[in-house]
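Atoms considered below: every heavy atom in the structure, side chains included; atoms not considered: hydrogens, waters and symmetry mates.
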Amino acid sequence: MIDNQELPIGFTMALAQHSDILNKFAHLTETEQAAIVDGARNVKSRDEMRRYVENMFRQESFR
């Protein structure tokens with residue numbers, strides 16, 4: 001996973017609830033992971049984070 005970069009706790013908790021998404025995230029390049037984590041830092045609520053994680057791989061760039 002991402003070296004020397006703390007993951008937002010809400011992001012980590014949402015990933016933990018979706019092992020399939022966590023597995024896909026783990027197989028991304030470090031650059032792709034960093035882009036997703038940066039996006040997660042802008043999320044303001046638990047529901048928004050859940051939707052963010054559930055929809056991470058619906059974007060064209062993260063298949």
Give a yes or no on whether the backbone of [Y] and the side-chain of [X] come within a donor-acceptor separation of less than 3.5 Å.
X	Y	answer
Q17	A14	no
N23	S19	no
E48	K44	yes

How close do [X] and [Y] get, heavy atom to heavy atom, and via which atoms?
X	Y	result
F11	A40	CD1-CB, 3.6 Å
V53	I21	O-CD1, 3.5 Å
I36	M56	CG2-SD, 3.2 Å

**Request:** Please test D20 against F25 for side chain to side chain contact (heavy atoms under 4.5 Å, CB included), starting from the C-alpha separation and ending with a verdict.
**Result:** CA-CA 9 Å; D20 57 328; F25 178 77; over 6 Å; no
**Asked** Would F57 and L28 count as a side chain to side chain contact (heavy atoms under 4.5 Å, CB included) if you check the C-alpha gap in whole Å, the side-chain angles of each, and the deciding distance to 0.1 Å?
**Response** CA-CA 11 Å; F57 295 100; L28 294 176; 3.8 Å; yes
**Prompt:** Any side-chain heavy atom of H18 within less than 4.5 Å of one from L22?
**Reply:**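 A side-chain contact is absent here, since even the closest heavy-atom pair is not under 4.5 Å.
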**Side chain to side chain, V37 and P8, heavy atoms closer than 4.5 Å** =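 The answer is yes, as the side chains (C-beta and beyond) meet within the 4.5 Å cut-off.
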**Message:** For the CD atom of Q33 and the CG atom of D38, what is their distance to the nearest 0.5 Å?
**Reply:**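 Interatomic distance, Q33 CD to D38 CG, rounded to 0.5 Å: 11.5 Å.
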**Item:** Spacing of CE belonging to M49 relative to CG belonging to L15, to within rounding of 0.5 Å
**Value:**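 Between atom CE of M49 and atom CG of L15 there are 9.0 Å.
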